[in-house]
Every structure is written in C-alpha cells, then in structure tokens.
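Protein chains get the first letters and strands the later ones, always in sequence-line order, with residue 1 at the start of each.
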There are 2 protein chains.
Amino acid sequence: MAKAGVTDSQTRLKIFRAASDIFEEKGYEGARMQEIADKAGINKALLHYYFRSKDQLFMAVFQVLLKKMFEKIMTIFAADITFKEKIRLFLGQHIDFLSKNPKLPIFLLNEISKNPSIATGLKETLQYGEMRDLLYMKHAKELRGYGIKKSDMPQLMVTVVSMSVFPYAAREMIAIMMPQMLDNKRFKTFMEERKEFASDFILNSLKHRKK
Amino acid sequence: MAKAGVTDSQTRLKIFRAASDIFEEKGYEGARMQEIADKAGINKALLHYYFRSKDQLFMAVFQVLLKKMFEKIMTIFAADITFKEKIRLFLGQHIDFLSKNPKLPIFLLNEISKNPSIATGLKETLQYGEMRDLLYMKHAKELRGYGIKKSDMPQLMVTVVSMSVFPYAAREMIAIMMPQMLDNKRFKTFMEERKEFASDFILNSLKHRKK
DNA sequence: GTCTATAGAAGGATAGAC
DNA sequence: GTCTATCCTTCTATAGAC
C-alpha cells in the first residue's frame, strides 16, 4: 500500500523506474514494452503481471511525473516571501530542478497535448485551480504596486513559467538557430545565466510598469 | 518538379495534405498510414506508390512544416524597422500565425526532441545560424542603448520567441491550472491580449534596463 | 495510377510450467 | 513471483490485377 501504484516490491520498483526512463525519453507511442523489460532486467511478461497493460503502466508513470513537476512549481510559489523574491527563487530553483530533468517538459507537454484526458483525474486530486487567486491574494498590495491587476495574473504566470520551461522543451529547436546549444556545457551555462537574466528581465519590467 | 517532395499531382497533393494533418495531430509514432489514406480518400497502397515509406512521407511533411515555422519567424525579424517596432510586429504577426496553426509548436518541438537528426539536413539548407549576428548588427546602436550586449542576444531571442510559442505548446498544461483556457474563445482572447501584454512587458524591461 | 489481397514483421498480451 | 513459448492484433509494405 503505497503512493500512486508504486509499492515497495523491488521488482515493481525496478519496472517503474525503467518505464519512467523509457516513456520520458520516447513518449507513450514510441515506447516498447520489450525495451522497458530489458532496461528493468526482467521479462516482458512480468510487466503485465505487475501493471496489467501498457496503458496502466504509462498512467502510473505519467501521474508521478506530472505531480513531480507541479509540486515543484507549487512548493516554490507557496514560499513565504515577497513576490519579488519569489521570482528570483522560482527561476533559480526551477532551473536547477529542470537541469536534473531536462526531458520532463517536452514529455509532459506532448503527452497532455496528444491526450488531454490523461490529466483529468489530477485536476481534482491536486487542486491547483485556485493557484492564481492564492498567489494574488498573498501579494495583492505588492502586485498592485507594480500595476498588476488580478486579470493580468494568467499572462504574468505563463510568462514566468515559460522562462524556465521553454528552453528545455525547445532545446533542439533552439540548437537549429544556435548550434552551440548542442553542447551540454554551453547549454548548462546558458541556463545558469538565465536565472539572473530572466529574474532581472521580469523584475525590471514590473518595476517600471505604467499603472 | 516542385518544392520539397510535392509535385502538382492531385493525388500526391491530397496525400500530402492528409499526412500533414495526421502527423501534426498525432506525431510520427502515433500516426497510422491507414488513417492518412482514409483522410486522403484513397487507398493505403497509393501512399507507398507516391512516398515509398512512412519515413519518407513523414520527412516530406516535416520539412515543409519546419520551414513554414522558421520562415515565418525569419520574415518578421528581417523587416526593415526598428528593433522596438520589430518586437511588436513579431508578437502580433506570430501569434496570428500560430492561432491558425496551434498544433505546430508542440508537433515540431516534440519531433525534433525525439529525433534531433531529422532537422540536420535543414541546418545547411536554410542558413539561420547567423541570425543572431545579423539581428544584432542591424540594430547594434539601438540594442546597445538598451544595454543589450551581443552575448545577451540568445537570452533575449529565446525570451521573445517563447512569449508567442510557449502558450500554444503548453496550452493543455496551462488548462490544468486555469481550466477556463480549455474554452477556445477564452484562449483566443488570452492570446490576443498577449500581443500587447508581451510587447509592453519586453519593451518596458528593455527600456529601463541598467546598462 | 489505383485498387484488392496478402505477406511479413512487430508489438501487446496471455497461458502455463516452475 | 518469474520465466518461456505463443497467441493475436495491428501495422507497414508489396504483389499483382485492372
């Protein structure tokens, strides 16, 4: 009895981890049960013994990965600091998080896009709906000082999140225009610099926003 | 004899269009030759008669769609106006373009991410490599006035492009946090408002950037 | 050029032995 | 709980008639 389809069974865990890697790398359609079995070092039949079907194995993996992403974002936004500090904290910590999970953005974005219903179960489980309101209430005075109305929050939040997420999702596309980004060290440096660039960029814009 | 694998044959064109739709919607792995044939109103065997294999059909489609995206961006950035005006023009026109091709971003991003080599052929064909330099040279004085160094250009360009592209790529993800975005009209309004929000946001940040 | 029929391979899933 | 063997469906691709 453990969280979201993962018990403490050693084999189950090995399968789950292998499946996470393969699905994250190849996506649902591109993943092969055989490859997952190989990576887990067990037989294909065992996958079905533990997870019944490819669909169910995928859902178990997907939900954990989606939750991982959202919880990271939510935890940072929930911190008890000023909005200004929150921007800097978010970009610092979220880029650190994504640098350890660089394929997570494109995986989640693509799978949800191809099949939006896979996330419906989570909308209720994790009540992120009122995030915007919570965030605005918490920083109402500060945000009004920046000329940010409640109705501006979606635009602002999408902008902030895209600063960290987009470069990972679009890395190979970016590399077409900037081939130096193919180099891991260069890209790493780019993202390290982005922490400050993006923070300054956002805060600077907010600071001088006409009200 | 026509561009990138598309002749003027009526059937070939029907197939090509059907394939574009299906691949864009489901991706390479998720697409089925049968479904493409059905959509084109012809037989499966004809697909192979005209395009030999799924791979080759996909490549023909992919190259055209990638080119479509890049040429749009390049055309706007090549305009003979100030950088400031360029930002506003880009966000206006690119969001218009994407609102007509909403699935293009996630399709391109995902396919390139899953198989980076599919774009290698294009890196030489379309010489976008020196885009950053071109753009910087053209607006050197203006950009220096904003405190933007040449080495800041990648950060700035990624930021600008993400403003229009990210919301489309992440639409379903955004909808988890903001369910109202599931409504097409609402999303359309959101993107219309984003033209101004993002333009102001960027220009405001540049204008007051410390040098 | 276009179709029907089918080959051939791959992949998900299950039966049954241990 | 784990394995081997195999079933069955799906999918790409081709052969061959018209």
Exercise. Using the closest heavy atom to pick a nucleotide of DNA chain C for each, name whichever of Y28(A) or I42(B) lands nearer the 5' end.
Key: I42(B)
Quiz item: Taking everything shown except R88(A) itself, do over 12 heavy atoms lie less than 6.0 Å from its CZ?
Solution: yes
Quiz item: Listed by chain and number, what are the side-chain hydrogen bond (donor to acceptor under 3.5 Å, both in side chains) partners of D55(A), not counting sequence neighbours?
Solution: Y28(A)
Quiz item: On DNA chain C, which is the earliest and which the latest nucleotide, 5' to 3', with an atom closer than 4.0 Å to a heavy atom of chain B?
Solution: dG1(C) to dT4(C)
Practice problem: Figure out the CG/C1' separation between L57(B) and dC11(D), and round it to whole Å. | Solution: 15 Å
Quiz item: Rounded to the nearest Å, what distance is computed from the CG atom of residue L46(B) to the P atom of nucleotide dT12(D)?
Solution: 16 Å
Exercise. Determine the minimum heavy-atom distance between N101(A) and K68(A), stating which atoms define it.
Key: OD1-NZ, 3.1 Å
Quiz item: Hey, are K54(A) and H48(A) close enough side-chain-wise for a donor-acceptor pair under 3.5 Å?
Solution: no
Self-check item: Nearest-angstrom distance from the residue atom NZ of K54(A) to C1' of dT10(D)
Solution: 12 Å
Quiz item: F77(B) vs F90(B) aromatic rings, parallel, tilted or perpendicular, using cut-offs 30° and 60°?
Solution: parallel
Quiz item: According to the salt bridge (charged side-chain N to carboxylate O under 4.0 Å, His left out) rule, which pairs have a member within residues 95-115 of chain B, sequence neighbours left out?
Solution: D96(B)-K195(B)
Quiz item: Looking for any heavy atom pair under 4.0 Å, which part of the strands does A31(A) touch: base, sugar-phosphate only, or nothing?
Solution: sugar-phosphate
Quiz item: Under 4.0 angstrom, heavy atoms only, what part of the nucleic acid is Y49(A) near: base, sugar-phosphate, or nothing?
Solution: base
